[in-house]
Protein chains: 2
Amino acid sequence: MTAAAAPAEPEISARQAEVLDAVLRQLVTDGNSLTMSAVARRASCSKETLYKWFGDRDGLLNATVKYQAARVHVAAVGPDPLDRAALTARLESFALNWLTVISSETSLALNRVAIGQAGSDRSLGAIVLANGRFALGSRMKPVLEAGRKAGLLAFEEAEEAFRTLFGLVARDVQIRLLLGDSPDLDPDRIRADATRAVAQFFALYGAQPGGGKAAP
Amino acid sequence: MTAAAAPAEPEISARQAEVLDAVLRQLVTDGNSLTMSAVARRASCSKETLYKWFGDRDGLLNATVKYQAARVHVAAVGPDPLDRAALTARLESFALNWLTVISSETSLALNRVAIGQAGSDRSLGAIVLANGRFALGSRMKPVLEAGRKAGLLAFEEAEEAFRTLFGLVARDVQIRLLLGDSPDLDPDRIRADATRAVAQFFALYGAQPGGGKAAP
DNA sequence: GCCGAACCGTAACGTTCGTTACGGTTGTTT
DNA sequence: AAACAACCGTAACGAACGTTACGGTTCGGC
């Protein structure tokens, strides 16, 4: 291969994973005031070790974001023959999973720090986007295109269809949670929201007679 | 009245408004590193004056958020007899305005600081929510209900219908912008997105024959 | 013209926190 | 057992920043 060196994804030892878990706990409990001393205290390690392993505070945050991203991976899509029920189940599973993730305290804390320092040259936001929104998109687009090939969905651009699905699922939930609002989100409510979002998506992009195309 | 004292909304002089404008500019250009010295330098005032007028750094931020919120007020809805064209125009106007606001650098900077310190006891996020998401909702719900009364829309809860409209308009735009992504959003694209969102909303909640109900 | 209030520019103080350095301890290798 | 590396706990340094204090200037009122 003539390409440049790989992005140098370092291996994470078990002890290092413990430290990153401590960072996540610290972020969730104490919010934005994430000091190196607090991390060291919570992880029962020395600050010297933190700096030896992660370079500096930014390196620690980057490692934490990547670590959390690696933990949240959904099962890949199998190339089963899709019928309407299987497609619905897959879409609802996606919606359920996504709503659960964005309302978890861990995801909220990570998104908050990434947003709080966005606009700087730091690229934490890019990492969060790549492992959140864009990872979802590239995982769901094949499903949508399989649905189209099976004659269940009708759209021109899978990207556009996915963005609409995204909006139907998330609505105002994520921004409200990020801003500190706490809409009641018991699992029952989440499940109901997921099925409603998928039903609306089918109403917009379903191919069977009766489903209407929306855009001109 | 036996109620407690009013929320004590202080008057803002012209000079104070200049200072708050300086805060906004500082937030937009230098991101999260908003120091009192930088504000004083940019506003050509002394730090002593900042503290005399706004109390402390938090008071300055609160005043800035309220100041910006007071600047962004849309024309109230007139009780015109609604036909389909008028309702469509009003919804598209809402979508256009909302997309324009959330993609403005000022709104992004304010939302970033509010989110960055959410989870603390500070209530900046509550102010942003009250003047953004919730102000929109209470402004649009009468429009939606007028549309229902005119036989143009069909829904049970205006709140739910509005949240769906919100999702169809915003999709993934706001979170991507907050995290530092920059999807191309020329005014033409925004206009196209607004009309698409409204068309999809009519497909879901329109009352004329052919529009399907989505939820079971 | 004089007085006091408001304000500007800057200096100074104290705290927080990122970063580095050091002594002591544990576990591994030879 | 001795040597060595890795690591923990803590102390120390330095910079950034919120907050306060002070001298000089402007401006409206008597």
Presence of donor-acceptor pair under 3.5 Å, side chain of K47(B) and base of dT19(D) |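 Between dT19(D) and K47(B), which were checked side chain against base, a qualifying N/O pair under 3.5 Å is present.
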Dump the intermediate steps for side-chain hydrogen bond (donor to acceptor under 3.5 Å, both in side chains) on S93(B) and N97(B), then the final yes or no.
-> CA-CA 6 Å; S93(B) 159; N97(B) 179 61; over 6 Å; no
Within less than 4.0 Å of OP1 or OP2 of [N], is there a side-chain N or O belonging to [X]?
{"X": "R57(A)", "N": "dT20(C)", "result": "no"}
{"X": "W53(A)", "N": "dC7(D)", "result": "yes"}
{"X": "T49(A)", "N": "dC8(D)", "result": "yes"}

To the nearest angstrom, how far is [X] atom [atom1] from [N] atom [atom2]?
{"X": "F54(B)", "N": "dC7(C)", "atom1": "CZ", "atom2": "P", "answer": "11 Å"}
{"X": "L50(B)", "N": "dT10(C)", "atom1": "CG", "atom2": "C1'", "answer": "14 Å"}
{"X": "K52(B)", "N": "dC22(D)", "atom1": "NZ", "atom2": "C1'", "answer": "13 Å"}
{"X": "E18(A)", "N": "dC7(D)", "atom1": "CD", "atom2": "C1'", "answer": "14 Å"}
{"X": "Q16(B)", "N": "dC7(C)", "atom1": "CD", "atom2": "C1'", "answer": "13 Å"}
{"X": "D58(A)", "N": "dC17(C)", "atom1": "CG", "atom2": "P", "answer": "17 Å"}

List the steps, then state whether salt bridge (charged side-chain N to carboxylate O under 4.0 Å, His left out) holds for R171(A) with D193(A).
-> CA-CA 10 Å; R171(A) 298 197 293 182; D193(A) 273 356; 3.4 Å; yes
Measure the spacing between CD1 of I115(B) and CG of L179(A) and express it to the nearest 0.5 Å.
->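 It comes to 4.5 Å.
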Please tell me which of the listed nucleotides, dC8(D), dT19(C), dC8(C), lies nearest to the side chain of Y51(A)?
->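 From the listed options, dT19(C) comes nearest.
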Of the candidate nucleotides dC7(D), dG18(C), dC22(D), which contains the atom at the shortest distance from the side chain of E48(B)?
->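 Among dC7(D), dG18(C), dC22(D), the one nearest the side chain of E48(B) is dC22(D).
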Is there a donor-acceptor pair under 3.5 Å between the side chain of R148(A) and the backbone N or O of F155(A)?
->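 Yes, the answer is positive, given that a donor and an acceptor are paired below the 3.5 Å cut-off.
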With a 4.0 Å heavy-atom cut-off, tell me which residues in residues 34-45 of chain A come close to DNA chain C, sorted by residue number.
->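 By residue number: L34(A), T35(A), M36(A).
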Ionic contact status for E159(A) with R133(A), cut-off 4.0 Å |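 Answer for the salt bridge query: yes.
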Verify whether one side chain among T106(B) and R25(B) offers a donor that lies under 3.5 Å from an acceptor in the other.
->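 Distance-only check fails for T106(B) and R25(B).
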Indicate the ring-plane relationship of F94(B) and F162(B), choosing parallel, tilted or perpendicular according to the 30° and 60° boundaries.
->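 Ring orientation, 0 to 90° scale: tilted.
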